[in-house]
Amino acid sequence: MLDLEKKLNKEQLEAAKTLEGPVLIIAGAGSGKTRMITYRIAHMLQTGIPQSSILALTFTNKAAREMWERVKQITQKKLSNLTVSTFHAFGVKLLREEIGILGYKNNFSIYDQTDKLALIKETARELKIATESLDLYNTANLFSSLKTERVPWSRENAELRPLYNEYQEHLKIYNAVDFDDLIILPILILEKYPEILGKYRARYRYLMVDEFQDTSLIQYKMMRLLGEESRNVCVVGDDDQSIYSWRGANYQNLLMFEKDFPERKEIKLEQNYRSTKNILAAANSLISNNKNRKTKELWTGIEGGGTSISLFYPENEQKEGEFIAEMIRSIKIREKVPYQDFGVLFRTNSLTTSLEEALLSHNIPYKVSGGTSFFQRKEIKDIISYLRVLANPEDDVNLLRIINTPRRGFGKKALEYLRAFSESKKCSLYSAMSILRWASDSGIPEKIRRDVEDFLSLLDFYREKVLHPKGLSEAVKGLIEAIDYWGYLILEHQKNEKIARWKYGNLVKFIEIIRRWEEDPDNDDPSLFSYLNRITLITREEDSEEEESKGGKVNLMTIHSAKGLEFDILFLAGVEAHLIPHAKSLEENPDNLEEERRLFYVALTRAKKRIHMTCCRTRKGIRGSIECQPSPFLEEIPAGLMELQQEEKTVEPEEAADYFASLRNAVSKP
DNA sequence: TGCCGAGGCCTTTTT
DNA sequence: GGCCTCGGCA
């Protein structure tokens, strides 16, 4: 029995009960959005709508997993047919089934940012475009914008056209797709092949899109294609929390939805169940400075004792870290707040290091989400590259990554030779090598042929192992030994064996993760391909089921990745003028000020009880220290709501003694 | 020809 | 701190 009436307020109830026809839900920060969505899905299932007819699209893998789990919890059902995924993961799913029609093979590789940069670079080299004159990073972004039609071809970027075309062609030759393709190609298929479109429309009769304000134009297009026939499309968003416009998300989605689904029902959730009055007043006051927004005013019934927002000016980032660490420790002791209820947020990943150091030296357990994730670490990426090449040999980018890692004699000359050969044959490096391996003509340098032979034999041997069902983790273990990656690590880190050992430890962990995945009873396809699909889309360590239970860990993350989360006690580090609003962002376009303000708004509204902001007087940049100014957004928070914090005095010894005594009692009791 | 150390470059946010 | 490039060495 669901008992919706008891669990939801009037607006939430209406939203959860409106299943037919398009619905637009404007859900303010902390308004119980996730709760509403999960109950809505549960309600759907209860009224007899089959799991397989529901497609819920979210923004992050984490959100998808959480939603899935909460629905499972409410309904107590096995949810094997319910699709809750990100747009990108859904794209992969569709492409694995249908990509053949576009001339790709369904073992295609998915290229992330790193692979993409490598491919552009490689392509540029081939076209003899000087790589120094080319800002690879910007070029990659530009290609993405062009591909998703955010930016038209113009006179300024016309010169990049040959490079772009060649890039695209290479993707195809390598049987690879990039992140944009995961949305673009499904749209292409659905638009071009009505029978496929019909199939998907018939399958997914009910669509839901969470974080609609962060949906990009092409994602919207995909959603519209799937939903415009059934018209059972429910989108949930908050324009004040739109913080991904640089990725092609913008308020136009809302306008388009209103135009495409004129009969929609509109519901606003304005009651905030998360934050105290003070915090909400600060957030409301801040966001009211934005011109472009749907007016709404969040309100809350939660009273908060005293001032719940404080500001502290540490001398430098080191003092900032110490301050935060000490505050966490004393709040934990005095107020018995468990570690997992603390959040430490910041604008850029680069702030992680100093904060991490401070927490580490204070023995405070923490976890970092975002930044360079586990799967992006070099040692892990190297091994994944081997797996990718085993799965899809035509994948040149990954092949180049591993061909001489660890060193096996493929130097510059050898590579040039192979490259020239593959170019003349218009094929991938792997195909070129296969030809060379058996070629009888004697023009081939003997050393190269021998190296090629060894390398290909290695791949052949492990391909068989890796494709063997249920044998993945063992095969990976064998592979790592066979290529003597440990020897390579030692060689690379002669001066610091600790690093080598740490990296090797990561590999052990990696094997363990694969093993767990392989043996998971819920996993009905433990193949190499399905594993690769999975990890390419997982960009954070949201993966491994954390051992949250005992005391937990303090959460460190960027504001962007904190979206959708909440914390009792929130620290906001680096509230400085060049960081938020970020100088780079304003430089790019002064209009970004509003987005930066929304970002700050998102940060403030993550807090339930209290916010401690820090603003360094000086901060070490990449070259030397710089003087910092307080963020201008601080002035948009009414002064009465904020108090200036003095240096936090450390916990008195007797207080700590009390605490430890109480701990001992708690432990010895049961 | 391949390897290795020294020096210069760069980090806004993410699927 | 990591990545790339360059120049000298084996």
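Letters A, B, ... are given to chains in the order of the sequence lines, protein chains preceding strands, and every chain is numbered from 1. These figures come from a predicted structure and were not determined experimentally.
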(message) Checking contacts here: which listed nucleotide (dT13(B), dT15(B), dC3(C)) is nearest the side-chain heavy atoms of Asn349(A)?
(response) dT13(B)
(request) Taking only the side-chain heavy atoms of Arg347(A) (C-beta and beyond), determine which of dT12(B), dT15(B), dC3(C) contains the nearest atom. (result) dT12(B)
(message) Applying a 4.0 Å non-hydrogen cut-off, can you work out what Ala89(A) is touching in the nucleic acid: base, sugar-phosphate, or nothing?
(response) nothing
(message) Just by distance, no angles: are the side chains of Asp395(A) and Tyr111(A) close enough, under 3.5 Å, to form a donor-acceptor pair?
(response) yes
(message) Nearest to the side chain of His88(A), heavy atoms from C-beta on, is which of dG2(B), dT14(B), dT15(B)?
(response) dT15(B)
(message) Quick check with a 6.0 Å cut-off and a 45 degree axis cone: is Arg96(A) positioned over the face of Phe108(A)'s six-membered ring?
(response) yes
(request) Give a yes/no on whether any side-chain N or O of Thr353(A) is located under 4.0 angstrom from OP1 or OP2 of dG1(C). (result) no
(request) Please determine if a side-chain N or O atom of Asn404(A) lies less than 4.0 Å away from the OP1 or OP2 oxygen of dC3(B). (result) yes
(request) Return the residues of residues 591-602 of chain A meeting this criterion: a heavy atom under 4.0 Å from some atom of DNA chain B. Order them by number, or give none. (result) none
(message) Check this for me: does any side-chain nitrogen of one of Asp454(A) and Arg408(A) sit under 4.0 Å from a carboxylate oxygen of the other?
(response) no
(message) If the condition is ring-ring contact (aromatic ring centres under 6.0 Å, His included), which residues does Phe529(A) pass it with, not counting sequence neighbours?
(response) none
(message) Tell me the interatomic distance from Ile403(A), atom CD1, to dG2(B), atom C1', rounded to whole angstroms.
(response) 14 Å
(message) Let's see if you can work this out: which of dC3(C), dT12(B), dT15(B) has an atom nearest to the side-chain heavy atoms of Gln113(A)?
(response) dT15(B)
(request) Tell me what Lys447(A) touches on the nucleic acid: a base, only sugar-phosphate, or nothing, going by heavy atoms under 4.0 Å. (result) nothing
(message) Can you measure Tyr488(A) atom OH to dC3(B) atom P for me and round it to whole angstrom units?
(response) 11 Å
(message) Reading DNA chain B from 5' onward, which residue's closest nucleotide shows up sooner: Leu415(A) or Ser585(A)?
(response) Leu415(A)
(request) Could you tell me the separation between the CD atom of Glu211(A) and the P atom of dT14(B), rounded to a whole number of Å? (result) 14 Å
(message) Regarding Gln213(A) and Glu211(A), do their side chains bring together a donor and an acceptor under 3.5 Å, going by distance alone?
(response) yes
(message) Which nucleotide wins on minimum distance to the side chain of Thr348(A), given the candidates dC3(C), dT5(C), dT12(B)?
(response) dT12(B)
(request) Tell me whether Trp246(A) is stacked on the nucleobase of dT13(B), counting only the six-membered base ring and applying the 5.5 Å and 30° thresholds. (result) yes
(request) Assess the side chains of Tyr366(A) and Glu356(A): does a donor N or O sit below 3.5 Å from an acceptor N or O? (result) yes
(request) Using a cut-off of strictly less than 4.0 Å, decide whether Thr60(A) has a side-chain nitrogen or oxygen near OP1 or OP2 of dT15(B). (result) no
(message) Let's see if you can work this out: which of dT14(B), dC4(B), dC3(C) has an atom nearest to the side-chain heavy atoms of Leu491(A)?
(response) dC4(B)
(request) Give the nucleotide from the list dG2(B), dT12(B), dT15(B) with an atom nearest to the side chain of Lys584(A). (result) dT12(B)
(request) Give a yes/no answer on whether the side chain of Arg407(A) brings an N or O atom under 4.0 Å of OP1 or OP2 in dC4(B). (result) yes
(request) Could you check whether Phe87(A) gets within reach of a base, just the sugar-phosphate, or nothing at all, counting any heavy atom under 4.0 Å? (result) nothing
(request) Report the nucleotide, chosen from dT12(B), dT15(B), dT14(B), that has the shortest atom-to-atom distance to any side-chain atom of Thr86(A). (result) dT15(B)
(request) Figure out the CG/P separation between Leu117(A) and dT14(B), and round it to whole Å. (result) 16 Å
(message) Is it the case that the side chains of Lys147(A) and Gln168(A) hold a donor-acceptor pair, with the cut-off being a distance below 3.5 Å and no angle test?
(response) yes
(message) Salt bridge or not between Asp180(A) and Lys116(A)? Use side-chain N to carboxylate O under 4.0 Å.
(response) yes
(message) I'd like to check the side chain to side chain donor-acceptor pair (under 3.5 Å) partners of Asp396(A); sequence neighbours left out, ordered by chain and number.
(response) Tyr174(A)
(message) Does dT5(C) have its OP1 or OP2 closer than 4.0 Å to a side-chain nitrogen or oxygen of Lys121(A)?
(response) yes
(message) Of the options dT1(B), dT15(B), dT5(C), whose atoms approach the side-chain atoms of Lys413(A) most closely?
(response) dT1(B)
(message) Regarding Ser350(A), tell me which of base, sugar-phosphate or nothing describes its non-hydrogen contacts under 4.0 Å with the strands shown.
(response) nothing
